[in-house]
Every structure is written in C-alpha cells, then in structure tokens.
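All remarks here apply to the structure that follows.
Here is the naming used below: chain letters follow the sequence lines, and residue numbers restart at 1 for every chain.
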Amino acid sequence: MSRSMGFNSSKRRHEPRESRSTLIMGQWKRTHTCGELRASDAGKTVTLCGWVHAYRDHGGLVFIDLRDRYGITQIVFDPAAGREMHALARELRSEWVVSVTGLVSKRPEGTRNPKLATGEIEVRAKHLEVLNRADTPPFEIASDEPVNEEVRLRFRYLDLRRPLMQQVLLLRHRLNKIVHRYFDELGFIEVETPMLGRSTPEGARDYLVPSRLHHGCWYALPQSPQLYKQILMVAGLDRYYQIARCLRDEDLRADRQPEFTQLDLEMSFVDMNDVIEVVEGFLARVFGELLGYQINLPLPRLSYPEVMRKYGCDKPDLRFGMEIQDVTDLVLQTEFRVFRQALEQGDIVRGLCAPQAAERYSRKRLEELEEFAKRYGAKGLAWLRVETEKLSSPIEKFFPGSVQQALRERFRASPGDVLFFVADSEEIVCDTLAALRNHLAAELGLIQPGQFALAWVIDFPLLVWDKEENRWVANHHPFTSPKEEDLPRLESEPGSVRAKAYDLIVNGYELGGGSIRIHRPDVQQRVFSMIGLNEEQAQKRFGFLLDALRFGAPPHGGIALGLDRLVMLLAGLHSIRDCIAFPKTQRAQDLMTGAPAPVDIKQLKELGLA
RNA sequence: GGGGGCGUAGCUCAAUUGGUCAGAGUGCCGGACUGUCGAUCCGGAGGUUGCGGGUUCGAGUCCCGUCGCCCUCGCCA
C-alpha cells in the first residue's frame, strides 16, 4: 500500500495513535482524507475512510461520494473489479461508515466535477470494508435544506456532521488559535479561574451549586471572571487573558445562551486607549486572517449621549444611516394636537426618514408598522410620505408648508421617502425608533451582506437610577472607575458621572464591554455606598477585593468580548446557537441529553437537599 | 411574567369561505440501468394534521386549554 506525503507527514501527528488491535482488525486504516487527492496523485493506491454522502447505482457502475471533515471524494465500484465487492457496494446507504481501498485515477474526459476540490480524480475501488451501518437519518446530511431546529438539536451529532456546521466549528477553532497567538505575542498570559465561586450581589442571576461538605452553602458558577482578573492584576500578573466560559441564569435570546464564552482580558498600568489599541489590533487580525476583510483603524468612538440621540440605543447598527432627528421645535409650529399635547406633558418628538419606503409601505403596511411601534410602548406612529411637491399623509393638513419644508430639509428627504415620528418620553421614543430603524433597514434591504461596521461607544454614565428598586445601580459593574473630573459629583449629581467604560459594537450587536477599574479602596467604597451597599455588606460580599485593593493595586482595566457572537458575525449567522456545538433551547434545555433532569434522591441526600 | 410566529408523511412544505383535502417535492423500500455527481426511469410503503376538550350534520381549518420550538419585551451589572 503506497503512503502519501500530505496526510501522513503532517496531519497524521494529530490523529490518535493506532493501536495493535486496530491493525489486526483489517486493512481499513486511511492513508488520505477525502479532501486531499488531486490529479497529481493519480496512480497511487489509497485507502479512504468516511461516510456515504451519496450513492448512485447504475446497475453496473456504482458511484459513491465519500465524505469526511476534509471533503468529498468519488469512489467508483466496477463489477469487473470484484463481483463480491460490487454487490456489497450496491447495499451501501446514506451515512454508512466505510473504508475503501483503491486506485486514484484521473477521471475520463468530460466527467470531471468542478464543484469538488477532488473533482479531477476518483478512486477505483479494489476493496470495500463496511465499518458500520447507519439507520436512515431523520434529515438529510447531504442537503442544504433547512431543518427544524428542534430536530437538529435532538440529533446534534448528525447536524454537526453537515459540512456547513463543520465550517463554523473550524472557523471558531481558528479564531481561538488567533486569540492564543495574538495575546501571547503581546505578553499576555493565560490564567484559568475557578468555576466554583462565590455568589455576589448585583448582576445576573447565578447558577448555584450545592456544597456537599457544607450543607446549606452554595457555590455560584461564574457570570464572568471579573473579580478574579482584577485580583490577578493586584497579584502583579500585569497582562491576563482567558477564553472563559461564563454562566448566567437569565432568559435566552438568539444571541444569548445560559453558558457562553468570553475572551476575557485585563491589563495593568493602562488607560482606556491602551485597552482599545490591543483589542483593535486583535480585531484587525481576526477579520483579516479569517475573512480577508480589512477593518479601518482606529475604530470610530461615539459617545453614549451621541448614539442615544442619533440612534436611540447604545449599540446601533452603523451599516446604514437613517439617523434619528429631533423635531420638537418644528412640531410646536403645527396644529397637530396629538403631538402638541404630548409636548405639553414634557414629552419629545423625534423621527426618522426611511429612504424610498413609500412604495413598499401601503396604508395597511404602515398600520402594521404602527402596531410594531406600540410594542415598544409608543402610543402611535405618525408618518408622512414625501412627494415631489408636498408631504402626503392623513395628518398632512396640520403641518404648515413652512414646517413641511423644514422637515424635508432636516431629514434631507427625497421624494419616495417616508418620515416616521414618535411623540413620547425620551425613553420610549428612543426604544421605539431604535427598533423601527433596525426593522426598516432590514425590510428595505439597506444592509449589504458581508459588511461590518465596528465602533466604540464611550462616556457611559457610571450609575443609572433603578425605578423598581428605587436606588442607583452600576450601569456597567460596580468596579468601573468614574472619570476623575466627574468624581467630585459622585454624591451630589450621581447621574452625571461618566464611567471609564467602553463597549465594542458590531452591526448592532454588543460584542464586548470593558472598563478601567477602580484601584483605590476609598473610591470603591464610595461607589458601593452609592449603590446602596454599606461598608459591612460590601465587606461581606467583596471583602476579598477590597482587601486586595489595600495591598497595592495597580491601575488596571480590561474588557471581555463575546466569542460566540464574534463567531456568529464572522460566519454571517443570526444565532449563536449555530456556532456553539451543543447549545440549549430558549427554555435552557439540551434536547440531545435531556438536561436539566431530575437526580437520584441519594444525590440530594448527600447534598442535604432531601 | 407579557406580546407574536410556527406545529400536517422521516425532512421541507401545500390544502378557497368549515364540505373527495390527506397532497407535492425530497428521503425511504423494491425493480431496471456501465460514467453518474440534484443521476434517470418504473413501482411501492408511509400521516391519531403536537396533545386534550368543545362547537358543528361535518374540523387540518373555528373556539378553549395544554405541550414543544422560534422571535421579542421585561430580564441579562
């Protein structure tokens, strides 16, 4: 049996060592993968292993597309090459696992398949070994036809067998490799932090683990390695990174799983610019190496007040414009009572201009948009079609010509556009228009696939008022440093204090967030105090951090990036479930394993829970 | 917890207003075929329309409940 260069010399190292028993079992071990044979290999005798991707039985000749992770190779079974083998080949079915030994041959003229990397050749089988039969799969592995996610998750091993899913996992692997290479080059060291930690107040709901040795006491699974990485800075590690699994017991979304992965990092003796620079370098390399996509550095930095005014949310999709404009001043010059009354209550009126939307949105469709707006708390959605001479709408008559002209100019509107307005509290106006903006952009096709808009959002408020709890809460987390110049106002005007925090946004997703941390115990104490943690409570919950800060904490800061979301964006997917090998459903169940599940009463007794 | 969408054959979907509507494609099974690669051709099997009630002469279709999946608001420092 001839041996090839490629697979044996380089890739073979990564394969498990062959054991004595497998050698005895038969001559089935592969010499090549299904993705590597080329015309230059013609004449070699090879053995391939894989799954039957497709079979085409011509009665005489039988063709098999044999698939493994590396590709697909066509196998030809000729009755002349052995009647027994040919008969066995006719029994093959989808997803059977086989080993084929045969001669690599250039395909006859006119039968080459340009769709396959191996399409120049085929393997003329001399020996066929069925390694395992397979039940008929519940869905077709070989097809690109979309399949109900429920079925995919239940049979995840089949779903992951599909080439598309394997590409995503490979992409994720390559991203992880870049992470390790890049941060190692910059002097970061990887430190693993505990999964079993202590529950801390604030933040997401914890997943709890009961202690067998301390009945009544519980570990919390980490929401993030936040505290540990700060401790590592106090310890003098200087630069830390980790690909860290994080767990939060909150409701799920397309971009939120109960366990997810963060690229977590922390640096000492740095300010915001240092962290941003490191991350930008990383992103440039990731997009460059994985997609051949060049991102322009430095990334834009937008202030929180600016994005809220222009886009209504703190993670706007910047792949399109459609900026929100305030028109409160113009509405004051109209007779439109709905708006005027709103203004009298202290509400505001803002709107946006949907380019060339008039044709797409009939009266009925516009009413649907109003329903959409109401879901975000808006009482209504006013609209005006932009025509060549005038604006057209049931409420047009309330708008004097001068106001119509001013609206046109403010939105730089062209005939065919539609103006939308919401009058309400600033919060509802922002929520509604932000959602509407994304909705319209998708429906109007304003987003080009393969395009990426990355930016930083900075100048977040340090604290926000929690109406339900009737207190200030940390906007980012309680260890985020206030800006020095705002520090004097911490107690007098808490809402005006800006944080040294930064979010990385990509295509409307929050890809990451970080901050410069508080490194002085007195400042930390003041922030705790502002969010309603007295010294005793703070000492009880975060005492170890406060203690650490007293023993010489360097100024430090860092960031965490959502790795699943990054993969999702790189792969052009719309759900992080598609880039996690074994994700959970919206109700946090694993349809394959059945987790979560009841446990034996014996286990509960050991834990003191029964 | 709230709002919305979906649930019909293994898979993807269709079935006017409640009335030959239990259908197609694909897969599956059997047969034919020596150059296919979305093979082709012939034949066949396969459904308690998620589940449980109700309305009706009659329900895939309407109503109520329930289960599951998805999107979303709240929530996620």
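Between the side chains of Gln74(A) and Asn113(A), no donor N or O sits under 3.5 Å from an acceptor N or O.
At G74(B), none of the side-chain N or O atoms of Arg205(A) fall inside 4.0 Å of OP1 or OP2 (strictly under the cut-off). Taking side-chain N and O atoms only, Thr111(A) has no distance below 4.0 Å to OP1 or OP2 of U36(B). Contact check, Arg587(A) against G68(B): a side-chain N or O comes under 4.0 Å of OP1 or OP2.
Closest to the side chain of Tyr376(A), from the set C71(B), U72(B), G35(B), is U72(B). Set against U34(B), C37(B), C69(B), the side chain of Arg107(A) has C37(B) as its closest nucleotide. The side chain of Arg90(A) has C33(B) as its nearest neighbour among C70(B), U34(B), C33(B). Taking the side chain of Gln586(A) as heavy atoms from C-beta on, and the options C69(B), U72(B), G35(B), the nearest nucleotide is U72(B). Nearest to the side-chain atoms of Thr136(A) among the listed nucleotides U36(B), U34(B), G27(B) stands G27(B). When the nucleotides C70(B), C75(B), G35(B) are ranked by their closest atom to the side chain of Arg253(A), C75(B) comes out on top. Side chain of Glu150(A), nearest nucleotide from C29(B), C37(B), C69(B): C69(B). Among the nucleotides C76(B), U34(B), G38(B), the one closest to the side chain of Lys115(A) is G38(B). Taking every side-chain heavy atom of Arg256(A) into account, G74(B) is the closest of G27(B), G74(B), C37(B).
Taking the six-membered ring where the residue is Trp, the centroids of Phe528(A) and Phe542(A) are separated by under 6.0 Å. For Tyr228(A) and Tyr240(A), the gap between ring centers reaches or exceeds 6.0 Å.
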task = Heavy atoms under 4.0 Å is the rule here; annotate nucleotides 7-17 of chain B 5' to 3' with B where the base is hit, S where only the sugar-phosphate is, and - elsewhere.
result = ---BSS-----
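Distance check on atom C1': C37(B) versus G46(B) gives 28 Å, rounded to whole Å. Look at the P atom in both G35(B) and G43(B): the space between them is 23 Å, to the nearest Å. Using atom P as the reference point in both G4(B) and A9(B), the two lie 26 Å apart (nearest Å). C21(B) sits 37 Å from G2(B) when the C1' atoms are compared, rounded to a whole Å.
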key: Worked check of salt bridge (charged side-chain N to carboxylate O under 4.0 Å, His left out) between Arg133(A) and Glu95(A)   = CA-CA 8 Å; Arg133(A) 295 179 169 228; Glu95(A) 302 306 314; over 6 Å; no
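In this model, no side-chain donor or acceptor of Asp65(A) finds a partner on the base of C37(B) within 3.5 Å.
Ring stacking holds between His58(A) and A39(B), with the centres under 5.5 Å apart and the planes within 30 degrees of each other.
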What pairs of nitrogen or oxygen atoms, one from the protein and one from nucleotides 1-6 of chain B, lie under 3.5 Å apart?
none

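Residue Asp522(A) forms a side-chain hydrogen bond (donor to acceptor under 3.5 Å, both in side chains) with just one option from Gln524(A), Arg520(A), Arg526(A), and that option is Arg520(A).
Evaluation of the side-chain contact (heavy atoms from CB on, under 4.5 Å) rule for Pro555(A) yields Phe269(A), His519(A) as partners, not counting sequence neighbours.
Using bins of under 30°, 30° to 60° and over 60° for the plane-to-plane angle, the ring pair His439(A)/Phe372(A) lands in the parallel bin.
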